[in-house]
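Reading through the structure tokens given below for one structure.
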There are 2 protein chains.
Amino acid sequence: MPKKVDHDERRRLIADALMRVAAEQGLEAVSLRHVAAAAGVSAGMVQHYFRTKDEMMSFALSAVSERSEARVQAAVGALGADPPPRQLLRTMIAALLPLDEATRADGRVALAFLAYTAVRPAASAELHPTTAEFVHFIASQLPSGEPHQAAGLLALMEGLGVYLLGGQYEAEQALDALDAQLDLLFGPVPGGRAGTSGWEVRTGFASGGAPLVEVGEESEGVERA
Amino acid sequence: MPKKVDHDERRRLIADALMRVAAEQGLEAVSLRHVAAAAGVSAGMVQHYFRTKDEMMSFALSAVSERSEARVQAAVGALGADPPPRQLLRTMIAALLPLDEATRADGRVALAFLAYTAVRPAASAELHPTTAEFVHFIASQLPSGEPHQAAGLLALMEGLGVYLLGGQYEAEQALDALDAQLDLLFGPVPGGRAGTSGWEVRTGFASGGAPLVEVGEESEGVERA
DNA sequence: CGGTTGGCAATACGACTGCAATGCGAAGGC
DNA sequence: GCCTTCGCATTGCAGTCGTATTGCCAACCG
């Protein structure tokens with residue numbers, strides 16, 4: 001073989017550029033040439049490593065999931081062995097929340113992919129049934145062991161992420177809501193951060209903030225179409 | 001003036017077609033010609049009623065929110081005067097959840113718009129700060145009156161919607177999780193549907209189901225891009 | 001009846017898309 | 001020292017995009 005290049009490294013480099021484009025301008029702006037320009041390579045090279053655009057999208061999709069998984073594992077690993085369940089869950093969930101600008105960018109990409117795959121189920125067939133396992137794990141950490149409560153906690157995390165991305169919740173409000181939920185599930189903790197002080201619903205989104213309304217109806221129905 | 005046509009009715013007809021296209025093929029597939037074809041009109045007519053595509057998108061966006069609002073009001077109106085807070089909240093939230101195939105289509109559109117506006121904040125500037133008001137209202141219905149708990153309940157609803165759309169949760173599981181949460185907030189009810197019986201995490205999504213993984217990381221981070 | 005005006009269709013245009021095909025330089029195998 | 005093979009860039013093509021422009025038809029005013 002002639003040249004020696006790490007095939008997978010190149011693909012990751014391209015996928016990084018894709019995520020950068022998607023985070024800034026949305027998935028609609030993701031095109032071969034656009035991604036190539038963002039990666040600082042030629043459009044032909046992108047085509048060389050991904051024979052089709054769908055292939056590129058699928059790779060980027062799995063890259064997103066891999067990175068988040070790594071993020072959770074890093075956060076949990078910093079916790080030491082056998083942490084108390086409440087702290088473990090809080091750490092894992094906080095690691096999955098888009099709390100700072102860097103993780104918000106990733107969250108936007110993930111959100112875009114969420115809508116993307118909602119219409120193209122085949123694009124994510126390779127991904128594992130992580131959600132079900134996660135619910136199961138959460139339930140095992142709960143005092144009640146209730147799967148319903150575990151599913152609710154996971155959904156709460158998801159919703160917090162959506163609202164954080166939409167700008168309706170600030171990071172602190174989201175964490176307060178999370179802690180309040182953990183209070184409900186584990187029982188209140190004296191030294192916790194679960195106090196009610198200082199919470200105020202944010203108003204006045206006129207200053208270029210993200211939309212509120214469609215978040216409120218993110219999952220609403222419109223009848224037929 | 002010559003002809004007599006209801007300007008707004010035409011716009012709604014076109015917006016309906018747009019939502020149909022978006023629900024089936026995603027927002028990326030929404031183009032003037034596509035929408036025109038779905039509406040059974042000429043492309044020129046669409047252009048006549050919406051001078052620009054962004055104008056059309058904004059109109060459809062507000063139409064989505066209007067419809068969901070109407071849905072909630074209809075559900076609440078069927079409840080009679082002064083319903084108990086728990087029942088009121090459950091009814092409102094259930095009305096916003098994509099529980100059947102018809103509302104799922106609307107939910108897909110709303111999800112697409114959510115990702116869309118995450119990148120174009122200006123497209124939704126006209127929408128009101130509904131979320132903050134909603135949190136406030138929920139808090140007023142809660143025994144604790146805790147805004148944190150209210151924000152958490154709203155986030156849980158949002159997450160349930162996302163997972164319902166993704167196919168990770170079935171309608172019954174979502175409602176069970178919702179009721180379990182209401183149990184936590186209001187205290188358990190003897191006659192409630194909050195039993196743990198029959199809950200089983202769904203596995204084996206191989207059969208064309210929607211993705212699980214990127215839902216699990218819907219709000220994760222990927223570092224920088 | 002002529003003219004004006006709104007409703008709507010058709011077309012043209014430039015920019016962009018994904019993708020296939022082609023070309024060329026460089027690095028090893030023989 | 002060829003010669004294959006890989007890495008990568010370039011170009012071309014058919015199609016779609018959003019938008020501006022043009023033109024026809026029907027309806028109402030005078």
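Below, chains carry the letters A, B, ... as their sequence lines are ordered, and counting in each starts from 1. As the structure is a computational prediction, the values presented were derived from the model and not from experiment.
Both tests do not hold together for A:Arg11 against A:Tyr49: distance to the six-membered ring centre under 6.0 Å, angle to the ring axis within 45°.
Within 4.0 Å (heavy atoms only), A:Val46 reaches no atom of the nucleic acid at all. Residue contacts shown for B:Tyr49 are limited to sugar-phosphate atoms, with no base heavy atom under 4.0 Å away. Across all strands shown, A:Val35 has no heavy atoms under 4.0 Å from either base or sugar-phosphate atoms.
Nearest to the side-chain atoms of B:Leu32 among the listed nucleotides D:dG18, D:dC8, C:dA9 stands D:dG18. The side chain of A:Gln47 sits closest to C:dC19 out of C:dC19, D:dC8, D:dT19.
Atom CD of B:Glu55 is separated from atom C1' of D:dG18 by 14 Å (rounded to the nearest Å). Remark: P of C:dA26 and CE of A:Met45 are 17 Å apart, rounded to the nearest angstrom. B:Arg10 has its CZ atom 12 Å from the C1' atom of C:dG6, to the nearest Å. Rounded to whole Å, the distance from CE on A:Met56 to P on C:dT17 is 11 Å. Atoms CG (A:Asp8) and P (D:dG7) sit 13 Å apart, rounded to a whole Å. Separating the NE2 atom of B:His48 from the P atom of D:dG18 is a distance of 19 Å, rounded to the nearest angstrom. In this structure, B:Lys53 places its NZ atom 13 Å from C1' of C:dC16, rounding to the nearest Å. Taking atom CD1 of B:Ile14 as the reference point, atom P of D:dG18 lies 14 Å away to the nearest angstrom.
With the nearest nucleotide of DNA chain C identified for both A:Arg33 and A:Gly44, A:Arg33 has the one nearer the 5' end.
Side-chain N/O atoms of A:His34 include one lying less than 4.0 angstrom from OP1 or OP2 on C:dT17. Taking 4.0 angstrom as the limit, B:His7 places none of its side-chain polar atoms (N or O) nearer than this to OP1 or OP2 of C:dG6. The phosphate of D:dT16 (OP1 or OP2) has no side-chain N or O of B:Ser31 nearer than 4.0 angstrom. In this structure, B:Arg51 does not reach the D:dG18 phosphate: none of its side-chain N or O atoms is under 4.0 Å from OP1 or OP2. One finds no side-chain N or O of B:Ser42 lying less than 4.0 angstrom from the OP1 or OP2 phosphate oxygen of C:dA10.
For B:Arg12 and B:Asp6, the salt-bridge test fails: no basic side-chain N is under 4.0 Å from an acidic carboxylate O.
When only modelled atom types and interatomic distance are considered, A:Gln181 and B:Gln181 share a side-chain donor-acceptor pair under 3.5 Å.
In this structure the side chain of A:Met92 never reaches within 4.5 angstrom of the side chain of A:Met157, judged on heavy atoms.
Between the side chain of A:Lys53 and the main chain of A:Val30, a donor-acceptor pair closer than 3.5 Å is present.
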